[in-house]
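Report on the structure given below.
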Amino acid sequence: QPQLAESGGGLVQPGGSLRLSCAAPGTIIPLMTMAWYRQAPGKERESVATITSSGSIIYADTVKGRFTISRDNAKRTVFLQMNSLKPEDTAVYYCKGGSLLWGQGTQVTVSS
């Protein structure tokens with residue numbers, strides 16, 4: 001069963017940056033729509049950014065202009081560059097591949 005593995009989360013001050021990675025060696029990531037979701041305490045999981053196999057991208061309004069999703073098909077990896085982070089970005093961030101594959105999540109905490 002292919003698995004997705006997120007990394008790159010951590011604690012950062014407001015205004016700072018983090019880069020999340022989602023690796024899935026051995027999977028057909030190049031053919032998949034890949035996405036980043038997040039879930040804050042007490043809230044539902046929400047879509048943050050999506051990138052199709054052809055490179056089309058959609059962002060949630062709350063992160064437009066601050067977050068950038070990208071993919072390296074040769075490395076079977078998807079990235080989420082997060083800049084100008086705000087406390088409200090604090091959440092567990094999950095990588096999703098296609099309609100069925102999920103990672104275990106990585107914690108992002110934005111706090112001074």
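All heavy atoms count here, side chains included; hydrogens, waters and symmetry mates do not.
Between Glu6 and Tyr93, every side-chain heavy-atom pair lies at or beyond the 4.5 Å cut-off. Looking at Met32 and Val78, their side chains never come closer than 4.5 Å, going by heavy atoms from C-beta outward. Residues Leu20 and Arg38 are not in side-chain contact: their nearest non-hydrogen atoms beyond the backbone lie 4.5 Å or more apart. Val92 places none of its side-chain heavy atoms less than 4.5 Å from the side chain of Tyr37. Two residues are said to be in side-chain contact when any heavy atoms from C-beta on lie closer than 4.5 Å; Trp36 and Cys95 meet this criterion. The closest side-chain heavy-atom distance from Leu11 to Gln107 is not below 4.5 Å.
Linking ILVMFWY side-chain heavy atoms closer than 4.5 Å, directly or via other members, places Phe79 and Val48 in two distinct hydrophobic clusters. Criterion: ILVMFWY side-chain heavy atoms under 4.5 Å apart, direct or through other members. Under it, Ile69 and Leu31 are part of a common hydrophobic cluster. Taking hydrophobic clusters as Ile, Leu, Val, Met, Phe, Trp and Tyr residues chained together by side-chain heavy-atom distances below 4.5 Å, Val108 shares a cluster with Val63.
Nearest heavy-atom pair across Thr77 and Ser21 is CG2-CB, 4.3 Å. Taking both residues in full, the closest heavy atoms of Ser47 and Ala60 are given as O-CB, 3.5 Å, listed atom of the first, atom of the second, then distance. When all heavy atoms of Ser17 and Ser84 are compared, the pair lying nearest together is OG-N, 4.4 Å. Between Thr90 and Ala40, the shortest heavy-atom contact is O-CB, 3.7 Å. Between Gln39 and Ala91, the shortest heavy-atom distance links the atoms O-CB, 3.4 Å. Among all heavy-atom pairs drawn from Cys22 and Leu4, the shortest one is SG-CB, 3.9 Å.
Of the charged side-chain nitrogens involved, none lies within less than 4.0 Å of a carboxylate oxygen, so that Lys86 and Asp89 do not count as a salt-bridged pair.
No side-chain N or O of Ser111 forms a donor-acceptor pair with one of Thr109 less than 3.5 Å apart.
Between Met34 atom CE and Lys96 atom NZ the span is 10.5 Å, to the nearest 0.5 Å. Rounded to the nearest 0.5 angstrom, Leu85 CG and Arg66 CZ are separated by 6.5 Å.
A side-chain contact (heavy atoms from CB on, under 4.5 Å) with Thr33 is found for exactly one of Ile51, Ile58, Thr52, namely Thr52.
The aromatic rings of Trp102 and Tyr94 lie perpendicular to each other, with more than 60° between the two planes, well past the 30° mark.
Residue Glu88 qualifies as enclosed at atom CD: its count of foreign heavy atoms under 6.0 Å is above 12.
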